[in-house]
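Only this structure's heavy atoms are used, side chains among them; waters, hydrogens and symmetry mates stay out. As the structure is a prediction and not an experimental result, all values here were calculated from the model.
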Amino acid sequence: MTSVEFRNHHKSKTRGNTDNINQWQSGSDYSQSVLDTSRFDGTETRFSAWTPVTNKACNQQLFQERTTLILHWFDLWTDRQRKEFICLLLKRCSKTQLKFTRDCLAESVPITRMDFTAALPRFLSLHIMSFLSPRDICSAAQVCWHWRFLAEQDCLWSPKCTRLGWFLPYAPSDHEYGAWKRHYVACTASLDILTPREAAGVYGTLNESLTAPEEQQDRWREDKIRQTIRQKVAEHKKAALKTRRAWLNTSKLGTSFTGTIHKTLSLTAALVQLGDTCRLEKSLSSVEIREPRLNLSMSNTLESTGATSLLRPMRSLFNQPVKSSYSPRPHFLLVSSKVPGYELLLAAVQVSVMVLPFDSQGMTLEALLSLAEKVIQGRMMQSLGILVTGSAEEITLTDGLSVNEKTVLKPCVREFWENLCGWVVPASEGGSLNIFAPLAASVAGMDLMRKLSILTGLNVRAPTGICTGSYQHILSEWSGYGEFPPLVYLHETLLLTWCRQAEWIEEACKNLRKQLGPQLHFMCQEIRGRILGLFLWDQIKMPVISLKSEVMQCLVHGLVALMNETLDDPLDFLGHVLLKSSVSSGLKNIDQLFLTESASFNRLNPESPEGLLSDTDRRSAVCKELLNSEKTYVRQLQAVATVYYTPLRAALDSNRAIISSVSLITIFCPLLDILETNSVFLKELAERCEEWGPLQCVGDVCVKLCTKLRVYTNFFNNYPTILRTIDKCREMLPVFRSFLKRHDRTVATRMLSLQELFLTPSARVEEYVTLLQALTLHTPSEHPDYTQLSAALNSLLTYRGFIHKLKKSLDQDLRIMEAQNTIQSCPNLLEESRYLITTQDVALLSCLNGDIAASLRMYEHVSDLGLFLFNDALVLTERSMSNMPFSLAVNTTHTFLASVALHCLKLKEITDTKYVRNAFQLESPKRLWICATDREEDKIRLLSALRSAINVAITRN
């Protein structure tokens with residue numbers, strides 16, 4: 001048979017084998033076909049085993065063809081058949097072939113865990129083990145025989161014995177090992193500690209015998225120690241039933257930091273050791289100094305059992321405080337993404353502060369606590385800062401959850417505060433909870449602070465000042481004593497810039513997040529925020545400003561006085577004001593025009609008596625702030641009338657109309673009604689402030705304003721229509737477009753546009769609530785103005801709730817429309833009472849071997865998905881990404897895949913293994929999805945929001 005005939009014969013035989021394989025896959029009688037083939041094709045079968053030994057090229061070709069055929073069969077077999085074939089093949093291999101297989105597997109599947117004592121030289125292994133304590137070395141000796149041999153070497157135990165003065169009485173032989181270990185164990189077992197009195201009885205003493213008064217004092221000291229121990233044990237047992245410190249849980253965070261393995265003593269045993277330690281010395285002053293050195297494990301035991309607080313009262317018995325050097329504890333700051341321009345704050349964080357920025361959208365308290373625990377990692381914090389959105393009576397930690405005096409005692413909220421503040425040192429050591437919201441400016445806020453202080457056991461501090469600007473209340477006076485909290489967490493210059501321009505910075509940050517967000521997606525939120533904040537700070541960088549600068553204070557007051565005057569030569573007027581300020585010794589004789597500014601300057605020096613004001617002075621300052629801010633507000637409304645409405649009306653009356661009469665009335669009439677109402681309010685308020693006295697009342701004027709809030713209601717109901725009318729006229733009428741371009745952002749409009757001026761009414765309602773809350777707080781209940789102020793405050797609180805509902809409804813509709821436009825081929829999402837909770841990008845996985853144990857299952861990344869969680873449904877989309885040529889930009893598109901009602905959705909978390917991480921399972925009545933997130937934080941936040949939404953949906957249905 002020639003090589004050509006052999007090749008043709010082999011090809012025909014291969015085609016026959018392929019047909020047989022197809023028969024076997026289709027379920028036909030494969031064995032019968034094989035028998036028939038072997039019966040009628042005996043000659044071909046006989047020659048199939050022939051190998052042309054002399055022709056190496058033909059031999060290699062035949063080997064390659066047969067190998068290809070076997071590999072083809074192997075690809076068609078099931079997993080069980082492949083494993084059986086591999087086992088049979090390995091049984092036929094020789095030792096050299098098995099070693100070759102082992103080396104190949106070691107290259108393709110590298111070893112991730114191995115015994116370092118087997119890989120390293122013996123002297124390196126012994127050097128590593130020399131850093132262990134004796135207890136740890138004994139534990140390591142129980143691993144295996146090799147570790148025991150290393151753990152009993154004399155080079156490990158001889159330094160530990162000689163350090164304590166224990167020497168071997170003989171020289172060990174060359175082949176003897178473990179002698180020093182046995183000597184260490186024998187010395188430790190026979191170690192005996194005698195009290196001074198017992199030592200004097202055994203060995204005698206050189207001191208004189210105690211007199212009767214000294215003996216009585218010694219007995220009194222012993223009785224006092226026993227009595228204190230019994231009292232502290234009883235107090236600790238009672239406190240343990242109410243609260244547990246964070247290091248008493250079963251998590252890994254409660255483990256000891258020393259790294260030693262020891263059996264934890266009970267609380268009573270720890271206190272007994274403390275009493276024995278106190279008896280070791282007669283000198284009470286030396287007890288405090290020697291106590292940490294005498295028993296190091298005791299302090300760890302007291303700390304792990306929560307008895308650290310018991311040690312301090314015991315030390316106070318001896319009245320000998322000892323100063324010890326210790327590293328300062330860090331501070332911890334929570335920053336919500338709802339805070340405008342929070343990236344700039346991340347760039348301003350001090351070095352000694354640990355910061356956790358979190359996305360409040362879709363976040364729950366359980367997920368937030370989990371993220372905080374990962375950042376803290378069991379360390380004790382000196383203070384806790386909460387920088388979130390809020391008002392004078394509540395703070396908003398997450399979307400849909402506001403913490404106020406009514407909700408703070410809910411089980412979930414109370415557990416969150418207890419666990420989070422458990423990482424802060426007690427108030428006796430300076431531990432504090434600093435909330436960056438003006439809670440100290442209202443009665444409800446003070447009640448909330450009082451409850452938080454009782455709940456956490458910390459000093460709760462908050463700003464007491466009132467502001468009508470952006471976030472300038474942070475710079476005002478803070479309740480309590482101590483350091484100025486904003487400067488503890490943030491740098492001064494960046495903080496001042498952010499406080500005055502928070503809302504404007506937020507608009508710039510929105511565009512930065514969209515542009516740079518995809519490029520920084522794989523970085524953590526803190527680093528991503530710091531990069532954006534530093535970039536933004538470089539663009540809006542201002543000269544270095546100091547709160548303590550007297551020049552800046554004089555300049556601020558001069559500019560404020562200049563704004564209130566209309567002069568031909570403003571520079572000359574400003575020069576006279578500054579000269580007058582310098583002659584009158586700076587700011588001492590200048591009236592406090594703004595409570596926020598003046599309070600911030602006084603507060604930087606806590607020891608200054610000027611920062612301590614009585615209720616009468618504070619009430620006067622708040623009324624003055626109310627009057628000044630009202631003047632500014634009316635001036636802005638008048639700018640709308642004089643700069644925009646009057647010229648447009650004059651053009652319309654002269655038959656040279658820029659916009660139609662209907663458009664003019666639609667845009668300006670609601671705001672002009674507000675201007676008329678507030679002008680009357682300003683006039684009456686100014687008359688009351690001119691005749692100000694301790695018994696002067698302004699509550700009736702505020703009540704009168706509240707009766708005319710219908711003009712604000714008319715404005716807010718027509719506000720979307722007003723904006724649409726402005727946009728339509730600007731787009732269709734070039735004359736109106738030129739008119740806006742000529743008048744927008746001028747000095748007369750305070751550098752604001754027409755649309756920005758229309759934002760002032762909603763902001764003013766918020767300011768009214770804050771100012772009246774402060775005014776009510778500093779007005780005694782027996783004051784004749786208290787009843788009127790309370791009535792006006794309740795009306796404004798109700799009206800503010802109405803505005804919040806309007807804003808929330810518009811924001812929810814806007815987010816749903818953005819999701820609708822993002823998802824291609826998506827059904828209508830805009831339905832009544834539906835809102836978007838959160839979105840998350842995940843990977844869709846497929847399980848390759850679901851019939852084995854869960855820890856051994858392997859998953860394949862099939863595609864990318866996008867999850868859009870609504871309050872009643874979960875929308876799944878297929879996410880695709882495409883890169884642009886010569887650009888780093890990435891385009892992401894979403895295509896509608898499925899929608900599942902939440903009450904029909906089942907959620908199952910998949911445990912992390914070496915094959916998959918951050919995975920979970922979504923199951924609907926018809927389909928199953930296995931998804932995974934890139935980061936564990938995203939999984940925690942998404943699953944927490946999913947569980948909460950599913951529970952609410954099931955309850956509703």
Side-chain angles (χ1 to χ4, degrees), residues 392 438 440-442 463-470 472-477 500 553-565 577 580-581 584 586-603 608-636 678-705 760 763-780 783-786 788-789 792-793 796:
S442 67
T464 61
I466 302 303
C467 76
T468 54
S470 179
Q472 298 187 40
H473 61 263
I474 295 178
L475 304 178
S476 66
E477 182 183 358
R500 289 166 171 80
Q553 298 180 43
C554 293
L555 185 59
V556 167
H557 286 273
L559 292 176
V560 170
L562 180 62
M563 291 172 57
N564 297 329
E565 301 291 339
V577 172
K580 182 180 178 181
S581 299
S584 58
L587 295 176
K588 293 183 179 179
N589 298 329
I590 296 179
D591 294 335
Q592 295 182 355
L593 297 179
F594 289 93
L595 174 63
T596 301
E597 295 290 342
S598 60
S600 65
F601 303 134
N602 291 336
R603 190 63 193 96
S608 175
E610 298 178 0
L612 303 176
L613 303 176
S614 62
D615 285 342
T616 304
D617 297 334
R618 290 182 181 275
R619 188 170 184 270
S620 175
V622 173
C623 289
K624 202 168 186 178
E625 174 68 11
L626 177 61
L627 177 62
N628 291 329
S629 60
E630 187 67 20
K631 290 179 180 178
T632 303
Y633 174 57
V634 172
R635 193 179 301 116
Q636 290 177 340
N678 281 86
S679 298
V680 176
F681 174 69
L682 176 60
K683 181 180 179 181
E684 296 177 353
L685 187 63
E687 293 175 356
R688 299 294 178 90
C689 292
E690 288 178 359
E691 302 175 357
W692 186 257
L695 299 179
Q696 183 63 274
C697 299
V698 294
D700 54 338
V701 180
C702 297
V703 171
K704 185 177 179 181
L705 175 65
T760 53
R764 187 55 183 169
V765 173
E766 297 282 351
E767 294 172 359
Y768 281 146
V769 173
T770 305
L771 291 168
L772 288 185
Q773 283 176 336
L775 199 57
T776 307
L777 175 65
H778 301 299
T779 302
H783 196 280
D785 199 25
Y786 184 81
Q788 299 285 352
L789 285 175
L793 178 60
L796 286 173

Output the distance between atom CD (Glu625) and atom OG (Ser620), rounded to the nearest 0.5 Å. 12.0 Å
Nearest 0.5 Å, please: how far is CZ in Arg619 from OG1 in Thr776? 9.0 Å
If you look at every heavy atom in Thr760 and Tyr633, which pair is closest and at what distance? O-CE1, 3.8 Å
Nearest heavy-atom pair of Thr779 and Tyr786: which atoms, and what distance? O-CD1, 3.4 Å
Please assess Ser679 against Val634 for the test side-chain contact (heavy atoms from CB on, under 4.5 Å), listing each intermediate value before the final yes or no. CA-CA 7 Å; Ser679 298; Val634 172; 4.1 Å; yes
Considering all heavy atoms of both residues, which atom of Leu777 and which atom of Ala441 are nearest to each other, and what is their separation? CD2-C, 3.5 Å
Tell me, please, which residues at least two apart from Lys683 pass salt bridge (Lys or Arg N to Asp or Glu O under 4.0 Å). none
Is the closest side-chain heavy-atom distance between Cys623 and Leu775 below 4.5 Å? yes
Of all heavy-atom pairs linking Leu627 and Leu685, the shortest is CA-CD2, 3.9 Å
Supply the atom-to-atom distance Glu630 CD to Glu767 CD, rounded to the nearest 0.5 angstrom. 9.5 Å
Exactly one of Val622, Asp785, Val703 should register a side chain to side chain contact (heavy atoms under 4.5 Å, CB included) with Val698. Which one does? Asp785
Does Thr464 reach the main-chain N or O of Glu477 with its side chain, forming a donor-acceptor pair under 3.5 Å? yes
Distance-minimising heavy-atom pair for Arg764 and Leu626: NH2-O, 3.7 Å
Using 0.5 Å steps for rounding, measure from the SG atom of Cys702 to the CG atom of Leu772. 5.0 Å
Pairs involving residues 685-696, ordered by first then second residue, that meet side chain to side chain donor-acceptor pair (under 3.5 Å) (sequence neighbours left out): Arg688-Asp700
Just by modelled atom types, is the Pro694 backbone N or O under 3.5 Å from a matching donor or acceptor in the His783 side chain? yes
What distance do Leu682 atom CG and Leu705 atom CG have between them, rounded to the nearest 0.5 Å? 11.0 Å
